[in-house]
Amino acid sequence: MRHPEDYVEAVLSLVEQVPPGRVTTYGAIAAALGRYGPRRVGAVMAEHGAAVPWWRVVRADGTVPPGLAARAREHHLAEGTPYRSSGAVDLRIARWPDLDPAPRGQ
DNA sequence: GGTGTGACGCAGG
DNA sequence: CCCTGCGCCACAC
């Protein structure tokens, strides 16, 4: 293991708790765990992500890295995840948990 | 021990 | 919308 076992388990556990049609972000997971940073979460996902609904973890702007975007989009379409016209997931609606109290401009 | 890199994030130009 | 720099942390060379 390149990462602490308990940390890996914690990350995967959180990802599995994200319901269909909703998503969370690398930064949110990192903040929730209060340990390491977004990049560590990404590293864990790159290595163990296949075991969980990895497509429910997106970047802070709602986009998914090239190469994963195509497959992620299929899952999102099947789950009804809200997308923005830009092609990124609409975090204002899909973010989970619902910690998005300030709908700013809208 | 310096340097580059990555399934990241944010501020600036 | 584009690109740049910096912070972040672990790893490979």
Side-chain angles (χ1 to χ4, degrees):
Chain A
M1 289 297 185
R2 291 184 174 71
H3 315 286
E5 185 60 32
D6 59 336
Y7 187 72
V8 173
E9 291 302 314
V11 171
L12 299 183
S13 178
L14 284 178
V15 175
E16 292 185 322
Q17 288 175 53
V18 179
R22 308 298 296 280
V23 300
T24 189
T25 66
Y26 296 94
I29 293 174
L33 296 180
R35 184 87 171 139
Y36 305 112
R39 304 198 79 132
R40 284 307 94 222
V41 175
V44 170
M45 289 304 287
E47 194 173 342
H48 306 276
V52 295
W54 55 266
W55 57 92
R56 292 176 195 154
V57 182
V58 303
R59 298 202 286 219
D61 61 357
T63 64
V64 178
L68 295 178
R71 277 174 291 170
R73 195 181 66 218
E74 291 182 51
H75 287 291
H76 288 154
L77 282 172
E79 297 180 356
T81 307
Y83 260 74
R84 300 186 62 163
S85 56
S86 63
V89 172
D90 191 340
L91 286 174
R92 296 171 309 172
I93 304 173
R95 183 187 308 233
W96 184 91
D98 289 312
L99 299 176
D100 188 18
R104 291 148 298 179
Q106 297 191 23

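Below, all heavy atoms of this structure are taken into account, side chains as well, without hydrogens, waters or symmetry copies. Predicted model only: the values in this text are computed from it and were never measured. Each chain gets a letter, A, B and so on, in the order the sequences are listed, and its residues count up from 1.
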Roughly how many Å is it from [atom1] in [X] to [atom2] in [N], rounded to a whole number?
| X | N | atom1 | atom2 | answer |
| --- | --- | --- | --- | --- |
| A:Glu47 | C:dA12 | CD | C1' | 14 Å |
| A:Ile29 | B:dG9 | CD1 | C1' | 14 Å |
| A:Arg73 | B:dA7 | CZ | P | 20 Å |
| A:Arg71 | B:dA7 | CZ | C1' | 11 Å |
| A:Asp61 | B:dC10 | CG | P | 9 Å |
| A:Leu91 | B:dC8 | CG | C1' | 14 Å |

Note, A:Leu91 side chain near A:Val23 side chain (heavy atom, < 4.5 Å):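 Of all side-chain heavy-atom pairs linking A:Val23 with A:Leu91, at least one is under 4.5 Å.
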Give me the distance, rounded to whole Å, that separates B:dT3 from C:dG5 when you measure between the P atoms they each carry.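 The answer is 16 Å between these two P atoms.
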With rounding to whole Å, what would you report as the distance between B:dA7 and C:dC2 at their C1' atoms?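 Pairwise C1' distance, B:dA7 against C:dC2, rounds to 22 Å.
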Counting any heavy atom closer than 4.0 Å, what does A:Ala43 reach on the DNA or RNA strands: base, sugar-phosphate only, or nothing?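 Nothing, no heavy atom under 4.0 Å.
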Can you see which heavy atom on [X] is nearest to which on [Y], and at what distance?
| X | Y | result |
| --- | --- | --- |
| A:Gly27 | A:Pro38 | CA-CG, 4.0 Å |
| A:Gly21 | A:Thr81 | CA-OG1, 3.5 Å |
| A:Leu14 | A:Trp96 | O-CZ3, 4.4 Å |

Expected rows: protein N/O vs nucleotides 8-10 of chain C N/O, under 3.5 Å:
unit_1: C:dC9; atom_1: O2; unit_2: A:Arg40; atom_2: NE; d: 3.4
unit_1: C:dC9; atom_1: O2; unit_2: A:Arg40; atom_2: NH2; d: 2.9

Which of these, A:His76, A:Glu79, A:His75, sits in a side-chain hydrogen bond (donor to acceptor under 3.5 Å, both in side chains) with A:Arg56?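 Answer after filtering A:His76, A:Glu79, A:His75: A:Glu79.
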Measure the CD1-CE distance between A:Ile29 and A:Met45 for me, rounded to the nearest 0.5 Å.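 The CE atom of A:Met45 is 6.5 Å from CD1 of A:Ile29, to the nearest 0.5 Å.
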